[in-house]
Amino acid sequence: MGRVLVVDDEPGIREAIEALVAARGHAVVTARALGEGLDQLRKSSFDLVITDLRLSPTDDGMEVVRAARSADPPPEVIVMTAFGNREKAQSAVAEGASFYIEKGPHLATDLDVLVGHAVTKRQLQQENAQLRREIIQRNTVGGIIGRSDAMREVIDVVERVAELKVTVLITGESGTGKEMVARALHHASANASGPFVPVNCGAVPENLIESELFGHVAGAFTGADQDKPGLFEAARGGTLFLDEIGELPLALQPKLLRVLQERKVKKLGSVHETEVDVRLVAATNRDLEAEAEAGRFREDLYFRLNVVQIDLPPLRQRREDVTLLAQHFLHKYAREYGRPVVQIEPEAMQRILEYDFPGNVRQLENLIERGVALARGNTIGVEQLPKEVRAAESGPTRVFNVHDDSELPEEGVDLERLVRDFEQSLIRKALERSGGVKTKAAELLGLSFRQFRYKVSKFETESR
């Protein structure tokens, strides 16, 4: 049974509704004025609110509707209106009320049906929301959400190396959640009680990055009027996360390499070294192996960073995680903004699933945040989606005909060899088209960077 709030300034109607609802086994609280109704909503949680739209010559029942729909979790709302005032009742429904009924001879009959329906609907929504939360929790480790094979592999690696002080390199496109993985590594590590210090190497001016990382002593350069500790010292006993490590100036890379090898930092302008106990996690959306081959990144530093690599697949390659992530962000922003949004309508969810998300998880999060902000009532519909998502259709299948009209030779074929040769040919063409950039070549073939690298290494081994 449910908890029901009845708000009406007419004693006879208020008492009649109380008796009817209580007879069905529900707990009933009544309020005879707007202020009382709002006060009850602030103090208690209800499954259903029944309110008159005209509570007095000056009090508007729409305020009760808005307060109820802003509650967490929001109750169902039934509004009552005088005969002939249907337009205002429809406006209340547009703002989140579940039903409206007209006061008259059929009021008791109509309420009898609607109260049971509304309470059952609310309780089912709560059960579904709880189930969704449990599903998300079962598929979440350290804030990483995913049930796809690719993400289960990521989670497995995180769990296995988190407690080790081994250096980890996280690769993947922008927006795939590299910092989230870095934080998961930190919070599951022996250094979890220490600081987590993130820095975007591409966002710090080149002339300041050395001082930012290693610190400086007074007089090291113009304007350095006092000693300043660097981020390595700030992260002592914890984790330093170097995001976009591929943007680190080439001239500074030998100094970073020395710190990783010696576990000591020398401040700019100093002759002394300071030991630092720091776990380093780096991330990049570049193909550092290709950058090293091109001379734009030190090969020895790449190997030192790449002790354990975690490759995050783009969202389009793990569509089975989209629904989980969308529900997680829906719950997050509904709570953050105090909005009663509890679901995404099926057609809107289908458009989301069909969209390729070039901005990956970050773009999906922004989309859901927008939907919660713009939603009318408790549902994100197609109209709340950005136009590029509303127009989404399933992406290209990347399947093309290969000699569909060819006949099978009389002597048969070596199918495995044909498939292998064809795969090698496509990989070569993808590398040519991408100018040797392996991450781009992998994308052209619909593969993760890890899958692509595995295939290339397998073919190189077979050709020896």
Side chains of Val181 and Val281: does their closest heavy-atom pair fall under 4.5 Å?
no

Side-chain heavy-atom pair Leu367, Pro386 within 4.5 angstrom cut-off
yes

About how many Å separate NZ of Lys332 and CD of Glu365, when rounded to the nearest 0.5 Å?
4.0 Å

For residues Glu336 and Val372, determine if any side-chain heavy atom of one lies less than 4.5 Å from a side-chain heavy atom of the other.
no

So, the side chain of Asp287 versus the backbone of Lys438: is there a donor-acceptor pair under 3.5 Å, distance only?
yes

Check the orientation of Phe196 and His186. Use parallel for under 30°, tilted for 30 to 60°, and perpendicular for over 60°.
tilted

Check whether more than 12 heavy atoms from other residues, nucleotides or ligands sit under 6.0 Å from atom CZ of Arg335, and answer yes or no.
no

Look only at the side chain of Arg279 and the backbone of Ser189, and say whether a donor-acceptor pair between them is shorter than 3.5 Å.
no

Hey, does the side chain of Ser434 reach the backbone of Leu431 with a donor-acceptor pair shorter than 3.5 angstrom?
yes

How are the rings of Tyr355 and Phe357 set relative to one another: parallel (under 30°), tilted (30 to 60°) or perpendicular (over 60°)?
perpendicular

Measure the shortest side-chain to side-chain distance between Val308 and Val157 over non-hydrogen atoms and say whether it is less than 4.5 angstrom.
yes

Could you check Ile50 against Val115 for side chain to side chain contact (heavy atoms under 4.5 Å, CB included), going step by step and ending with a plain yes or no?
CA-CA 9 Å; Ile50 303 171; Val115 167; 3.9 Å; yes

Interatomic spacing from OG1 in Thr176 to CG in Asp311 - rounded to 0.5 Å
8.5 Å

Any side-chain heavy atom of Thr323 sitting closer than 4.5 Å to one from Ile344?
no

Determine whether Glu76 and Ser98 satisfy the following criterion, side chain to side chain donor-acceptor pair (under 3.5 Å), listing intermediate values before the conclusion.
CA-CA 6 Å; Glu76 295 297 305; Ser98 308; 2.5 Å; yes

Do the side chain of Asn360 and the main chain of Leu315 share a donor and acceptor less than 3.5 angstrom apart?
yes

Quick one: do Phe232 and Leu256 satisfy side chain to side chain contact (heavy atoms under 4.5 Å, CB included)? Show the steps, please.
CA-CA 10 Å; Phe232 269 94; Leu256 176 60; 3.6 Å; yes

Who are the ring-ring contact (aromatic ring centres under 6.0 Å, His included) partners of Tyr302, not counting sequence neighbours?
none

Test log, rule salt bridge (charged side-chain N to carboxylate O under 4.0 Å, His left out), inputs Arg428 and Glu432
CA-CA 6 Å; Arg428 282 195 297 271; Glu432 289 170 5; 5.9 Å; no

Without swapping roles, check the side chain of Arg433 against the backbone of Ala441 for a donor-acceptor pair under 3.5 Å.
no

Please answer whether the main-chain N or O of Leu169 pairs with a side-chain N or O of Lys178 as donor and acceptor at a distance below 3.5 Å.
no

Between atom CD1 of Ile144 and atom CD1 of Ile310, what is the distance when rounded to the nearest 0.5 Å?
7.0 Å

If I take atom NZ from residue Lys228 and atom OG from residue Ser211, how far apart are they, to the nearest 0.5 angstrom?
5.0 Å

Closest heavy-atom pair and its distance - Gly37, Leu5:
O-CD2, 3.9 Å

To the nearest 0.5 Å, tell me how far Leu312 CG sits from Glu173 CD.
10.5 Å

Of all the heavy-atom pairs spanning Leu330 and Ile368, show the shortest one and how long it is.
N-CG2, 3.4 Å

So do Leu34 and Asp60 actually touch side chain to side chain, heavy atoms under 4.5 Å?
no

For the CD atom on Glu163, are there more than 12 heavy atoms of other groups (residues, nucleotides or ligands in this structure) within a distance under 6.0 Å?
no

For Asp356 versus Arg316, what's the shortest heavy-atom pair and its separation?
O-CB, 3.4 Å

Asp9 side chain to Ala33 backbone, donor-acceptor under 3.5 Å
no

Mark yes or no for whether Asn191, through its side chain, and Val278, through its backbone, hold a donor-acceptor pair below 3.5 Å.
no

Heavy atoms, side chains only, cut-off 4.5 Å: are Leu305 and Leu280 in contact?
yes

Glu10 and Asp52: which non-hydrogen atoms are nearest, and at how many Å?
OE2-OD2, 4.4 Å

For a side-chain hydrogen bond (donor to acceptor under 3.5 Å, both in side chains) with Asp8, tell me which candidate from Arg32, Lys103, Arg54, Arg14 qualifies.
Lys103

Val307, Asp156, Thr167, Val166 screened by side-chain contact (heavy atoms from CB on, under 4.5 Å) with Val161, the one that passes
Val166

How close do Pro195 and Ala234 get, counting heavy atoms only, and between which atoms?
CG-O, 3.3 Å

Could you tell me if the side chain of Glu18 sits less than 4.5 Å from the side chain of Val6, heavy atoms only?
no

Donor-acceptor contact present, side-chain Arg351 to main-chain Arg390, <3.5 Å
yes

Evaluate whether atom CG of Asp39 has more than 12 neighbouring non-hydrogen atoms of other residues, nucleotides or ligands under 6.0 angstrom away.
yes

I'd like to know whether Leu242 forms a side chain to side chain contact (heavy atoms under 4.5 Å, CB included) with Leu248, so could you lay out the CA-CA distance, the side-chain angles of the two residues, the decisive distance to 0.1 Å, and finally the verdict.
CA-CA 9 Å; Leu242 298 181; Leu248 194 69; 5.9 Å; no

Apply the test side chain to side chain donor-acceptor pair (under 3.5 Å) to residues Asp321 and Ser148: give CA-CA distance (whole Å), side-chain angles for both, the deciding distance (0.1 Å), then the verdict.
CA-CA 6 Å; Asp321 294 334; Ser148 64; 2.7 Å; yes

Val77 to Arg69 - nearest heavy-atom pair and separation
CG2-CD, 3.9 Å

Phe452 and Ile427: CA distance, side-chain angles, deciding distance, side chain to side chain contact (heavy atoms under 4.5 Å, CB included) verdict
CA-CA 8 Å; Phe452 180 84; Ile427 286 174; 3.9 Å; yes

Please check this pair: side chain of Glu345 against backbone of Val382, looking for a donor-acceptor N/O pair closer than 3.5 Å.
yes

Rounded to the nearest 0.5 Å, how far does OG1 of Thr171 lie from CG of Asn306?
8.0 Å

